Amino acid sequence: MSTTTTKSAPHSSPAPAETEILVGGMTCAACVARVEKKLGRLDGVTASVNLATGRARVSHPAAVTAEELMAVVEGAGFTAALPRPEPGEAEGEAADGPSPLPRLLITALLSVPVLVISMAPALQFRNWQWLCFALATPVAAWGAWPFHAKALRGLRGAAATMDTLVSLGVLASYAWSVYALFFGGAGDPDMRMPFTLWPETVPGTADVYLEAVVAVPLFVLTGRLLESRARAGTGSALRALASLAAKDVVVRAADGAERRIPVAELRVGDRFLVRPGERVATDGTVVSGGSALDLSLVTGESAPVDVTPGTAVIGGAVNSGGLLEVRAEAVGADTQLARITRLVEDAQAGKARVQRLADAIAGVFVPAVMSVAVTVLGFWLGAGASPQAAITSAVAVLVVACPCALGLATPTALLAATGRGAGLGILVSGPQALEGLRRVDTVVLDKTGTLTTGSMTVTEVTAREGGCGPDAALRYAAAAEAGSEHPVGRAVHAHGLAEEDGPLPVAEDFAATAGVGVRAVVDGKRVEVARAEADGLPDALADAARRAERDGRTVVVVRVEGTPEAVLALGDTVRAGSYRAVDHLKRLGLRPVLATGDGEAAARAVAAELGIAEVHSKVTPEGKADLVRALREKGHRVAVIGDGVNDTAALAGADLGIAMGSGTDAAIGAADVTLVREDMGALADAVRLARRTSLTVRSNLAWAFGYNLVTVPLAAVGLLSPMVAAAAMSVSSLLVVGNSLRLRGWQPAPAPTRKSAPRKAVA
């Protein structure tokens, strides 16, 4: 399947094309820049590379083939392949490659004895150095091979990355240790290596630096593993969106014959069947039949939508009732679900370009360290120092500058914050979430399933004065709805069961009319439960119906023997803790904005209850994404919280996406933060935890860079031996890890109180 799509161009200029390529082997921002630079050298070619998903989106003249583009990527030292037909399936695979866990475990098993023996002179026994050499050799060759391989690819592309520095540090330490063991006298069986602060400056027994050989790959592999785990779920949003699409469909020919075909073979104008419980295969118009469709996964609408002949339906909606025959109006890339998928892809591609500070400066830091090491070597040799002292200082520069602390700064803080957040019902996906929440000033809140429970329930029962009473009316209605497949009927039946002490009476002669209601005989009486206008009802029932409609509720009337006995109001209920969560967001300096697919009355009712001033109702999935884009263009830092497929494009396009754990896989996959517990107070806790974690990451990075600024000059002037440099490097990493682990004891503090006037109470 080709992944190249041609776009129309004005006038007679050649039509540009767009191709997606899976790029493997990228580890940092320097890799991204190299791929974009190489592709950009071709005439008329521009590229945007997504590090998180391993995808390069390339715009190019039609004359340039996908094979030529992949050849350029491979020439830059990376792997290249066309994506699979299924959206999201291969996402992230090319970038991450095989798991680093097996290599890390074997490296740790070999490295720990070397570190303990080399850095504790009391534990050094006869021929200890040879045992350490035997253990360190496979680490230097196999354990550090990913760094060596990527350094070689960078060398072919005339570029240096963090992998280059790691590789040089390992090779330099190992090469000097080999010299010391075989030619420098360090191979003596009774040799002991004291822990000294100063490098050797006079001829004598050369030191071995095997602890540096194993420490560098051990620490950096650990950081890479933690990072890869944080990025493991990158493609889940697109995979979840793909799962909503039907795989096959039953079409009905003109002669009435039915046959099942793959949905890819469906064409505009074809008629297909949707049975109860099935998803609508594609966007279309109902030709025959009536039912209720659950659109909550696609549009976010909490109430089911009744459809009859002539009603437009959306692909991905679930049929809750009767058999439908639908005429296809859009297929493939023209459907609403496909448009949502494209929005998610575009938003993720743009957001993933924000990379860690350590990666951003790698292109300057690494060549600078290499230049300093070469300069130090030449200076000491020119100053008349012994070759051992000169090489020792140069190796010390390379070892002390190895970016272990830089590599661990973000993932260790993320790991600690993730563990603590999990205990609080908060799942954080990666560094983007931490940086995003630190500067967020606006939160766009979905209504259905986020601020509300997302399920229909009976919220009020109003009975006619002098009638059978509310309990009896509810009992009749619940019994009549026992055989209903409509969500409203199921909600009435469930509420009646919960309120009734004993079993409900058995309904007879049950009949349902699509879009109207049901009728049955209960205890010998004709009972009807149907939607009706307030006009024509007794005053008390009419007032209750108008009040419920004003609040955005669904209204049904219970008639017994033709007499209106009660009005039932059904709707979505606000989650416990939603008001507290919104209030805490305000106290944290964030502006809440409600955006929902529901009608204006329902949206305004929830907003008034929660104290939200800005409300956007009847918002489509594209509309939510446009709202987020408009807010960002005004300079706002926007977070979006939602739970449905209709929220995925907005979640991915925001500075920060927050999903409810009870929501769809698509929403969770597109989000940066997931709230597992039902208490909406977790949202405010997530803001505080992310801000604290962001502060920890920044302090880690400040320490790691400050450490290099101090230790590299000391090593250059000969005041640090490679062994002390390796120890300093290890201590630096341990300090970063220790600072990160403080997050494991973090507790949510009470929301700060404002010094300004108190907020006016909301009815």
Side-chain angles (χ1 to χ4, degrees), residues 1 5 85-87 240-344 484-489 511-517 531 597-599 618-623 644-646 648-649 664 666:
M1 177 179 176
T5 57
E86 294 79 14
L241 284 170
S243 70
L244 287 183
K247 301 299 184 291
D248 50 39
V249 61
V250 175
V251 297
R252 176 175 287 176
D255 59 0
E258 299 178 5
R259 61 190 179 95
R260 185 173 292 274
I261 63 172
V263 73
E265 298 180 8
L266 192 65
R267 297 292 179 264
V268 173
D270 289 348
R271 297 190 177 190
F272 60 93
L273 302 180
V274 186
R275 293 184 169 85
E278 293 183 343
R279 294 188 186 277
V280 178
T282 191
D283 299 353
T285 303
V286 176
V287 175
S288 64
S291 182
L293 294 184
D294 180 2
L295 298 175
S296 59
L297 292 178
V298 182
T299 67
E301 184 123 9
S302 58
V305 176
D306 292 311
V307 295
T308 55
T311 305
V313 295
I314 299 173
V318 178
N319 183 8
S320 302
L323 177 68
L324 294 176
E325 183 178 359
V326 181
R327 181 178 63 251
E329 304 290 353
V331 295
D334 297 327
T335 64
Q336 183 166 335
L337 188 61
R339 290 196 297 271
I340 296 174
T341 302
R342 287 197 299 272
L343 286 171
V344 174
S484 175
E485 295 179 339
H486 196 285
V488 169
T513 303
V516 178
R531 298 188 181 186
D598 277 357
K618 295 184 179 180
V619 182
T620 64
E622 293 91 342
V645 173
N646 62 301
T648 53
T664 65

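Side-chain atoms are counted along with the backbone in the values below, which use heavy atoms only and exclude waters and symmetry mates. It should be emphasised that the depicted structure is a prediction, and the values quoted were computed from it without experimental measurement.
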**Student:** Going by the side-chain contact (heavy atoms from CB on, under 4.5 Å) test, name the single residue among Thr282, Val274, Asn319, Val307 that passes it with Val313.
**Tutor:**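 Answer to the side-chain contact (heavy atoms from CB on, under 4.5 Å) test with Val313 among Thr282, Val274, Asn319, Val307: Val307.
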**Student:** What residues form a side-chain contact (heavy atoms from CB on, under 4.5 Å) with Arg267, not counting sequence neighbours?
**Tutor:**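 Expected list: Asp270.
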**Student:** Looking at residues at least two apart in the chain, or sitting in another chain, which of them share a side-chain contact (heavy atoms from CB on, under 4.5 Å) with Val251?
**Tutor:**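 side-chain contact (heavy atoms from CB on, under 4.5 Å) check on Val251 returns Val249, Arg259, Ile261, Leu266, Phe272.
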**Student:** Quick one: closest heavy-atom pair of Ser484 and Gly489, and the distance?
**Tutor:**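 Smallest heavy-atom distance, with atoms named: OG-CA, 3.9 Å.
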**Student:** Would you say that Leu273 contacts Glu278 through its side chain, given a criterion of any heavy-atom pair below 4.5 Å between the two side chains?
**Tutor:**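 Contact flag for Leu273/Glu278 side chains = no.
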**Student:** Name each donor-acceptor pair under 3.5 Å that joins a side chain in residues 322-330 to protein atoms two or more places apart or in another chain, with its distance.
**Tutor:**
unit_1	atom_1	unit_2	atom_2	d
Glu325	OE1	Arg252	NH1	3.2
Glu325	OE1	Ser288	OG	3.1
Arg327	NE	Glu329	OE2	3.1
Arg327	NH2	Glu329	OE2	3.2
Glu329	OE2	Thr285	OG1	3.2

**Student:** Please evaluate residues Val263 and Asp248 with respect to the criterion side chain to side chain contact (heavy atoms under 4.5 Å, CB included), reporting the C-alpha separation (whole Å), side-chain torsions for both, the decisive distance (0.1 Å), and the verdict.
**Tutor:** CA-CA 5 Å; Val263 73; Asp248 50 39; 5.8 Å; no
